[in-house]
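As the structure lists them, so they are numbered: ligands from 1, and atoms in each ligand from 1.
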Amino acid sequence: MIGLLLFLQTTIATPQNLVVRQGDAVRVVPVTGSTTGSYIRADLLAAALGGTVSNAPNAHYRVTLGETRLEVVEGVPYMRADSVIVPMTLPALRSGNTFLLPFQVVAALIPRYASGFFYDNGARELRIFTTIARHVAGPQPAPLGDLPPTVGTGSTTRASPTRARSLRHGQRYLVVVDAGHGGPDPGMTGPIGGGPRLVEKYITLAVAKLLAQELRNGGVDALMTRTTDTLIALSDRGRIANRNKGDLFVSIHVNATGSRSSAAARERGFETYFLAEAKSEDALRVERMENEAVRFETGAYAPKGDPLSFIINDMAQNEHLRESDDLAETIQQGLRSFHPGPSRGVQQANFAVLRGSYMPAVLVEIGFGTNPDEAEYLSGYSNQREIAASIARSVLDYISHYEARVGGGTK
Ligand SMILES: [Zn+2]
């Protein structure tokens, strides 16, 4: 693939520890040396960045880092970052129960392929200068001792599910509308190959404003995390939602491929993530690893028929996750009726999100800004209106279905 040899020329100063900084919150992740080079524990890195590691058959692993999905095979010096294959100078390794990534992932791959991260080689610090709501880890990072167990332990410990806060029956609902990125964080830019420039933060704000308006027209209250071109800290997005006792959280984003190649430019479509509340996320993490393997086998980028049914069955007792998934499905269905891109389905975000909040939360990737056709589509005001109106309709539908269920006396 094009442009990837640059990797091999990257000079990497390897610290003893990696400092991960997000605003005032700092986490330290140890870096270990081997005879061939420096490595970092995949689970600790992912946890520090609000992501996860899951393993799959045949020594395959999936690591989520912010919006980026890495697929890694033990012993193979290549990784897939979203849709692009990236050569590495060292392979990922397994040491006992520990899965190790070459430090090059931190120093070169993440800064290049994952949005929202900056690696300061001098300070030896990885900064989360931006990210999106689903990565919110809360203002207090967990101490390292609380990090999830190493991948592949097979543990199935399940804490009691967190009780979701019910939507307010008989009151006006409050939907928190989050426009992704903002201010110094532009989000993604596109499209690949030139043409009118698209900057994610402006599209998300435009659509979020329209969405808030449509929701208000539909009789629910809407609160925007930002209404201008400003950067709202991650933890603040969650806090805004919590402080105002939102019932639902909807975050708007524009998708991007992991590379700037012409092949990557063809990637398009829309997808909706549902976000798990952190406590239940922790409790279900290991279980989900098993489920992830099914998706892995079928190919991460293959169209998914009903990718979540097997997960949802296991989560039936967790109404919060079910609500979030219901909302995501409703939104995805709505977009399907008019969006020119293919439906990429409902996805589960395996991130610690909105810790301490008790509301269903979804993140909508309304299209690929890297795809020239979709960039043009997303830039059109009438299209933005249609997207916003559709999401609003889905939210209102969801609320009325929820009301009907709750009003039916089953709770
Ligand atoms: Zn985004």
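Under the side chain to side chain contact (heavy atoms under 4.5 Å, CB included) criterion, Glu74 pairs with Ala59, Tyr61, Arg94, Phe99, sequence neighbours left out.
The Zn ion (ligand 1) is closest to atom NE2 of His181 (considering only N, O or S atoms). Restricting Glu200 to its N/O/S atoms, the shortest distance to the Zn ion (ligand 1) is reached by OE2. Per residue His253, closest N, O or S atom to the Zn ion (ligand 1): atom name ND1.
Between Asp373 and Arg268, no side-chain nitrogen of the basic residue sits less than 4.0 Å from a carboxylate oxygen of the acidic one, so the salt-bridge criterion is not met.
For the 3.5 Å distance criterion, the side chains of Glu365 and His253 fail to qualify, holding no donor opposite an acceptor.
Look at Glu365 and the Zn ion (ligand 1): no N/O/S atom of the residue is under 2.8 Å from the metal.
Residue pairs that meet the side chain to side chain donor-acceptor pair (under 3.5 Å) test with at least one member in residues 377-387, sequence neighbours left out, are Tyr381-Arg385.
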